[in-house]
Amino acid sequence: MKNFASLAAAAALAANGVSAHYIFQQFNDFAPFEYVRQNTNYNSPVTDLTSNDLRCNVGADGASTETTEVAAGQEFTFTLDTPVYHQGPISIYMSKAPGAASEYDGSGEWFKIKDFAPDFSSGQAVWDMSGSYSYTIPTCIEDGEYLLRIQSLAIHNPWPSGIPQFYVSCAQVKVSGGSGTYNPETALIPGAFKETDPGYTANIYSNFNSYTVPGPAPMAC
């Protein structure tokens, strides 16, 4: 019955067009898109695994975005225009800019700091589909300017009959107080996600009792 309800809800949302989509638009308590790069595709997803738009979204320009100062160990929050509708993991990545974050295109290495994965403890998958997501800046990263990227990978339309959807946004931050002792697993974007990843091809409506989030493992200090 739960799977039927999920399918019915997904169909209803699809019928409502853009209302079924969402965008991470706010960093901490600041104004929408003050420190988050603003995209140009409204709240539509990115689906091309080879596209540079997977980094920070379509048309997301750093030059028109401010950079905010954060301390290593400080909590931060991303807030959406509407709560997440689609089942799938939420992941948070960082990439250190070679100079100013506003001038960085995200072509360097990315490391993951957090996954919000499904909880199977009740015997079925429970996803964290919220209106905001919080975590902390790792204490062991280097000081400097970063792109701080949040990603919702929506897998409600299972591959290959459907195409998983990436809802992504990047905040621009300047980190201070880090120890610089980190040594994370890194990946390039695009390149971190593949059509063969179990977390990309998963069918949440059939024998779904475990899940591996795509991309590198979250770092630990």
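Position 1 is the first residue of the sequence, and the numbers go up from there.
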- request: Would you indicate whether the side-chain heavy atoms of Pro83 and Ser130 approach each other to under 4.5 Å?
  value: no
Heavy-atom closest contact (Tyr93 atom, Gly215 atom, distance): OH-CA, 3.7 Å
field: Flag side-chain contact, heavy atom, 4.5 Å: Ser169 against Phe33
entry: no
query: Between Thr196 and Thr201, is a side chain to side chain contact (heavy atoms under 4.5 Å, CB included) present by the stated rule, with each step listed?
result: CA-CA 7 Å; Thr196 55; Thr201 61; 5.8 Å; no
- request: Please name the pair of heavy atoms, one in Leu49 and one in Leu54, separated by the smallest distance, quoted to 0.1 Å.
  value: O-CD1, 3.5 Å
- request: Nearest 0.5 Å please: distance from the CD atom of Gln25 over to the CG atom of Asn39.
  value: 9.5 Å
query: Between Phe27 and Phe78, is the gap from one ring center to the other below 6.0 Å?
result: yes
query: Looking only at atom types and distance, does a side-chain atom of Asn28 sit under 3.5 Å from a main-chain N or O of Thr77, one as donor and one as acceptor?
result: yes
- prompt: Under 3.5 Å, side chain of Arg149 to main-chain N/O of Arg55, donor-acceptor pair present?
  reply: yes
query: Between atom CD1 of Ile141 and atom OH of Tyr182, what is the distance when rounded to the nearest 0.5 Å?
result: 6.5 Å
- request: Can you measure from OG1 (Thr79) to CZ (Phe24) and round to the nearest 0.5 angstrom?
  value: 10.0 Å
Any Asn203 side-chain heavy atom under 4.5 Å of Tyr205 side chain: yes
task: For the residue pair His86 and Tyr22, categorise the inter-ring angle as parallel (less than 30°), tilted (30 to 60°) or perpendicular (more than 60°).
output: tilted
task: Please step through ring-ring contact (aromatic ring centres under 6.0 Å, His included) for the pair Phe120 and Tyr211, ending with a clear verdict.
output: CA-CA 9 Å; Phe120 290 93; Tyr211 185 76; 7.8 Å; no
message: Measuring from atom OG1 of Thr50 to atom NZ of Lys194, what distance do you get when rounded to the nearest 0.5 angstrom?
response: 12.5 Å
Review item, side-chain donor-acceptor pairs of residues 96-105, under 3.5 Å, at least two apart:
| from | atom 1 | to | atom 2 | distance (Å) |
| --- | --- | --- | --- | --- |
| Tyr104 | OH | Ser95 | OG | 2.6 |
| Tyr104 | OH | Gly108 | N | 2.9 |
| Asp105 | OD1 | Ser107 | N | 3.0 |
| Asp105 | OD1 | Ser107 | OG | 2.7 |

field: Pro160 side chain reached by Glu195 side chain, heavy atoms, under 4.5 Å
entry: no
Close side-chain approach of Tyr167 and Asn57, heavy atoms under 4.5 Å: no
task: Looking only at non-hydrogen atoms, find the nearest pair between Asn52 and Pro190 and report the distance.
output: OD1-CD, 3.4 Å
field: Shortest non-hydrogen contact from Gly88 toward Ile155
entry: CA-CG1, 4.0 Å
statement: Heavy atoms of Leu153 and Phe166 approach each other most closely as CD1-CZ, 3.6 Å
Side chains of residues 110-117: which donor-acceptor partners sit under 3.5 Å, not counting sequence neighbours?
| from | atom 1 | to | atom 2 | distance (Å) |
| --- | --- | --- | --- | --- |
| Trp110 | NE1 | Gly106 | O | 2.9 |
| Lys112 | NZ | Asp115 | OD1 | 3.1 |
| Lys112 | NZ | Asp115 | OD2 | 3.1 |
| Lys112 | NZ | Pro214 | O | 2.9 |
| Lys112 | NZ | Pro216 | O | 3.0 |
| Asp115 | OD1 | Ser91 | OG | 2.6 |

task: Decide side chain to side chain contact (heavy atoms under 4.5 Å, CB included) for Asp197 and Trp159; before the verdict, give the C-alpha distance in whole Å, the side-chain angles of both, and the deciding distance to 0.1 Å.
output: CA-CA 11 Å; Asp197 289 340; Trp159 176 262; over 6 Å; no
- prompt: Once you round to the nearest 0.5 Å, how far does CD1 of Ile150 lie from SG of Cys170?
  reply: 10.5 Å
field: Straight-line distance of Glu109 CD to Ile189 CD1, nearest 0.5 Å
entry: 11.5 Å
Compile the donor-acceptor pairs under 3.5 Å between side chains in residues 61-70 and protein atoms, sequence neighbours left out, one pair per line.
| from | atom 1 | to | atom 2 | distance (Å) |
| --- | --- | --- | --- | --- |
| Asp61 | OD1 | Ala63 | N | 3.0 |
| Thr65 | OG1 | Asp61 | O | 3.0 |
| Thr67 | OG1 | Gln172 | NE2 | 3.1 |

field: Asp143 side-chain N/O to Gly178 backbone N/O, donor-acceptor pair under 3.5 Å
entry: yes
message: Is there a side-chain contact between Ile90 and Trp127 in this structure, where contact means two heavy atoms from C-beta onward sitting under 4.5 Å apart?
response: no
- request: Take Thr139 and Ser179, measure what side chain to side chain contact (heavy atoms under 4.5 Å, CB included) needs, and give me the verdict at the end.
  value: CA-CA 6 Å; Thr139 57; Ser179 68; 5.8 Å; no
statement: Heavy-atom closest pair (Ala72 atom, Val175 atom, distance to 0.1 Å) is N-CG1, 4.1 Å
task: Take Arg37 and Leu147, measure what side chain to side chain contact (heavy atoms under 4.5 Å, CB included) needs, and give me the verdict at the end.
output: CA-CA 10 Å; Arg37 293 186 175 185; Leu147 294 180; 3.5 Å; yes
